[in-house]
Trainee: 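Okay, here's the structure, questions in a sec.
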Amino acid sequence: GINAEYMGRLALSDKSSETYTPPFRAFGGAGNRLGGTAAPVAAGFAGASAQEYRCDESRDSTTTQLVLSGGQRVRFKVNLDATVLQIYRHVKFASKVSGDFDLISGFPPKPLTNPSATVAEAGLKGARNLQQTR
């Protein structure tokens with residue numbers, strides 16, 4: 001039989017005639033966009049004009065690869081003392097993008113934010129750089 005120790009009281013009430021309304025809970029969390037948040041363009045890059053970069057073969061240089069926003073890959077030689085701003089302007093020239101964009105490099109990929117850093121200082125020697133439009 002049934003053990004009397006495990007028996008409990010159970011009370012039921014008939015609510016079948018009532019309409020169920022679930023309790024309202026508004027979403028209270030925060031959302032994240034895949035790929036992170038869009039930070040403002042670094043002050044040194046905003047409004048930079050497009051300009052083709054020409055490597056001085058008499059000074060130390062490296063070859064870098066650019067992946068433009070349309071997927072096109074462009075390789076070009078750049079001096080190690082060239083600035084990130086010069087690369088930014090060359091990317092703008094090569095891609096024909098009129099607005100601002102981010103240059104992404106490294107692993108894990110991070111936006112280049114210091115326009116006055118040289119190729120050597122920014123660790124871009126032989127790097128693959130990605131143009132990411134906003």
Side-chain angles (χ1 to χ4, degrees):
I2 299 176
N3 189 340
E5 279 182 47
Y6 295 105
M7 301 273 302
R9 288 192 92 121
L10 180 63
L12 297 175
S13 54
D14 183 9
K15 295 192 176 197
S16 61
S17 61
E18 297 178 17
T19 304
Y20 176 74
T21 54
F24 177 76
R25 285 177 56 200
F27 178 70
N32 289 317
R33 188 178 131 220
L34 289 177
T37 58
V41 174
F45 296 118
S49 61
Q51 184 178 359
E52 185 175 15
Y53 178 82
R54 299 210 185 264
C55 181
D56 181 350
E57 298 288 339
S58 68
R59 297 195 327 258
D60 289 340
S61 63
T62 186
T63 300
T64 186
Q65 182 183 40
L66 303 172
V67 180
L68 305 179
S69 60
Q72 179 186 6
R73 289 169 170 23
V74 177
R75 292 174 59 95
F76 81 106
K77 283 188 89 167
V78 62
N79 295 110
L80 296 180
D81 60 353
T83 64
V84 172
L85 179 59
Q86 288 175 300
I87 293 176
Y88 184 92
R89 293 173 73 179
H90 181 78
V91 171
K92 199 166 199 175
F93 170 82
S95 68
K96 310 292 187 240
V97 169
S98 59
D100 291 323
F101 55 87
D102 290 321
L103 272 181
I104 313 291
S105 187
F107 190 81
K110 292 182 183 164
L112 298 173
T113 57
N114 183 358
S116 61
T118 65
V119 169
E121 292 167 349
L124 301 178
K125 187 174 182 179
R128 178 176 176 260
N129 303 296
L130 173 68
Q131 177 189 31
Q132 189 174 59
T133 55
R134 297 180 159 264

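Basis for what follows: all heavy atoms, side chains included, without hydrogens, waters or symmetry-related copies.
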Trainee: Give the minimum heavy-atom separation between Ala48 and Leu85, together with the two atoms involved.
Mentor: CB-CD1, 4.0 Å
Trainee: Which atom names give the shortest non-hydrogen contact between Lys125 and Thr62, and what distance separates them?
Mentor: CG-OG1, 3.6 Å
Trainee: With Gln65, which residues qualify under side-chain contact (heavy atoms from CB on, under 4.5 Å), at least two apart?
Mentor: Arg73, Arg75, Arg128
Trainee: Taking Lys96 for its side chain and Phe93 for its backbone only, find out whether a donor-acceptor pair lies under 3.5 Å.
Mentor: yes
Trainee: What pairs meet the salt bridge (Lys or Arg N to Asp or Glu O under 4.0 Å) rule with one or both residues in residues 11-24, with sequence neighbours excluded?
Mentor: none
Trainee: Ring centres of Phe45 and Phe101 under 6.0 Å apart?
Mentor: no
Trainee: Quick one: does Ser105's side chain have a donor or acceptor within less than 3.5 Å of a partner on Asn129's backbone?
Mentor: no
Trainee: Output all residues satisfying side-chain contact (heavy atoms from CB on, under 4.5 Å) with Leu130, sequence neighbours left out; order by chain, then residue number.
Mentor: Val67, Ile104
Trainee: Using the test ring-ring contact (aromatic ring centres under 6.0 Å, His included), find all partners of Phe76 that sit at least two apart in sequence or belong to another chain.
Mentor: His90
Trainee: Kindly work out whether a path of hydrophobic side-chain contacts (I/L/V/M/F/W/Y, heavy atoms less than 4.5 Å apart) joins Leu80 to Ile87.
Mentor: yes
Trainee: With sequence neighbours excluded, what pairs up with Ser61 under the side-chain contact (heavy atoms from CB on, under 4.5 Å) test?
Mentor: Cys55, Lys77, Asn79
Trainee: Checking Asp81 against Thr118: is there a side-chain donor and acceptor pair closer than 3.5 Å?
Mentor: no
Trainee: Check Ser69 against Val97 and note the closest heavy-atom contact, atom names and distance.
Mentor: OG-CG2, 4.0 Å
Trainee: Got a sec, which residues hit side-chain contact (heavy atoms from CB on, under 4.5 Å) with Ala122, two or more places apart in sequence or on another chain?
Mentor: Val84, Ala117, Leu124
Trainee: I would like to know whether Asp100 and Lys92 meet side-chain contact (heavy atoms from CB on, under 4.5 Å); could you show each step before the answer?
Mentor: CA-CA 9 Å; Asp100 291 323; Lys92 199 166 199 175; 4.2 Å; yes
